[in-house]
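Worksheet: the structure to be examined is printed underneath.
Computed from a predicted model, the values in this text were never measured in an experiment.
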There are 2 protein chains.
Amino acid sequence: MRGQALKGHLDLLLLAIIADSPKHGYAVIEELRTRSEESFDLPEGTVYPALHRLQKAGFLTSEWSEVQGRRRRTYLLTKHGHAALSEQRQSWDEFSSAMGRVLKGAPWPSTP
Amino acid sequence: MRGQALKGHLDLLLLAIIADSPKHGYAVIEELRTRSEESFDLPEGTVYPALHRLQKAGFLTSEWSEVQGRRRRTYLLTKHGHAALSEQRQSWDEFSSAMGRVLKGAPWPSTP
DNA sequence: CTTGACACCTAGCAATCCAAGGTGTAGGTT
DNA sequence: AACCTACACCTTGGATTGCTAGGTGTCAAG
């Protein structure tokens, strides 16, 4: 249940999943759905272009293979991809903790 | 240090800050900077249009005033604004914990 | 032979953030 | 007098992004 609104952090998700083990697009979508416990149920039109973008940026490479008559494009991280991953992990941590600080509320108008 | 990339969650931040106490745009920017400990240093071109958007959506109302020769537009939450805030808080929680689950890594490939 | 899961793709829209410009006041410095 | 900085508001236009909506094709089950 739920779907949209993972604004801007998609790259991090994709890099993290593929870093754990190389995967093809369709499998990435499934993994994202199961790991997030159904929170992230991304349409193909979101994921495929994003993978292309990441490859074009030099973070992923891909290999074509054929499994039971279906062609697959399997992605894996480059060295730059690993660097980008740890960088984006870090900036996610900073971002989410900053969100936490803001959402917690003003400290001083109610301080006695 | 740092600035860009708070993708999509700006509305929540603005609603949360104004909910705590009504503020004008410039003050919102300052509050955002201090609460986040410099993580969020948003340009006016980001914040002002967002406030207009939120008002147009019925989440905020505004009042003009003049303080020492400077005109201010002070925003405060409507009933819908409060509803939107708690809704968006909730979906942020869900979002960030889903991010956490995904980033934590696959549970089964290393399970003995 | 149709449906559904698997597996890939693209074009084009809508939204969002931001850079870059603009206006004007008040208070200080030179 | 001229200038700068902080305060305080605004808009236009570009780039990026996520998704809708379409398309292709295979294989297995009904």
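- Rounded to an integer number of Å, the gap from A:L51 CG to D:dT17 P is 13 Å.
- Between A:L10 and A:L42, the closest side-chain pair of non-hydrogen atoms falls below 4.5 Å.
- In this structure, B:H24 atom NE2 and C:dT25 atom P are separated by 17 Å, rounded to whole Å.
- Residues in residues 76-85 of chain B take part in no salt bridge (Lys or Arg N to Asp or Glu O under 4.0 Å) pair, two or more places apart or across chains.
- Between B:R73 and the phosphate of D:dC10, there is a side-chain N or O to OP1/OP2 separation shorter than 4.0 Å.
- Rounded to whole angstrom, the span from the CD1 atom of B:I29 across to the P atom of D:dA6 amounts to 14 Å.
- Taking atom CG of residue A:L13 and atom P of nucleotide D:dC19, one finds them 11 Å apart after rounding to whole Å.
- Every side chain to side chain contact (heavy atoms under 4.5 Å, CB included) that A:H80 has, sequence neighbours left out, goes to A:F59, A:T78.
- With sequence neighbours left out, the side-chain hydrogen bond (donor to acceptor under 3.5 Å, both in side chains) criterion links B:R53 to B:D11.
- Between B:L77 and B:L60, the closest side-chain pair of non-hydrogen atoms falls below 4.5 Å.
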At a cut-off of 3.5 Å, list every protein nitrogen or oxygen paired with a nitrogen or oxygen from nucleotides 1-3 of chain D, distance to 0.1 Å.
none

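- For A:S36, the side chain to side chain contact (heavy atoms under 4.5 Å, CB included) partners are A:S39, A:F40, B:A98, B:V102, not counting sequence neighbours.
- Distance, A:L12 CG to D:dT17 C1': 15 Å, rounded to whole Å.
- Legend: residues meeting salt bridge (Lys or Arg N to Asp or Glu O under 4.0 Å) with A:E37, ordered by chain and number and at least two apart, are B:R101.
- In this entry the distance linking OH of B:Y26 with P of C:dG24 reads 19 Å, nearest Å.
- Taking the side chain to side chain contact (heavy atoms under 4.5 Å, CB included) definition, one finds that B:I29 meets it with B:R33, B:E44, B:V47, sequence neighbours left out.
- For B:R70, the side-chain atoms get nearest to D:dC7 when compared with the rest of C:dC8, D:dT26, D:dC7.
- Taking A:T34 as the reference, A:E31 meet the side chain to side chain contact (heavy atoms under 4.5 Å, CB included) condition, with sequence neighbours excluded.
- Between A:S21 and A:K23, the shortest heavy-atom distance links the atoms OG-NZ, 2.6 Å.
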Might you list the N or O atoms of the protein lying below 3.5 Å from N or O atoms in nucleotides 10-14 of chain C, with each pair's distance?
unit_1: C:dT10; atom_1: OP2; unit_2: A:H52; atom_2: ND1; d: 3.4

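- Near-neighbour residues of DNA chain C inside residues 53-69 of chain A, defined by a heavy atom below 4.0 Å, number-ordered: A:W64.
- Within the structure, the side chain to side chain donor-acceptor pair (under 3.5 Å) test picks out the following pairs touching residues 59-73 of chain B (sequence neighbours left out): B:Q55-B:S62, B:Q55-B:R73, B:S62-B:R73, B:R73-B:Y75.
- If you measure from atom CZ of A:R72 to atom P of D:dC27, you get 13 Å, rounded to the nearest angstrom.
- When rounded to the nearest whole Å, the span between NE2 of B:H9 and C1' of C:dC17 equals 13 Å.
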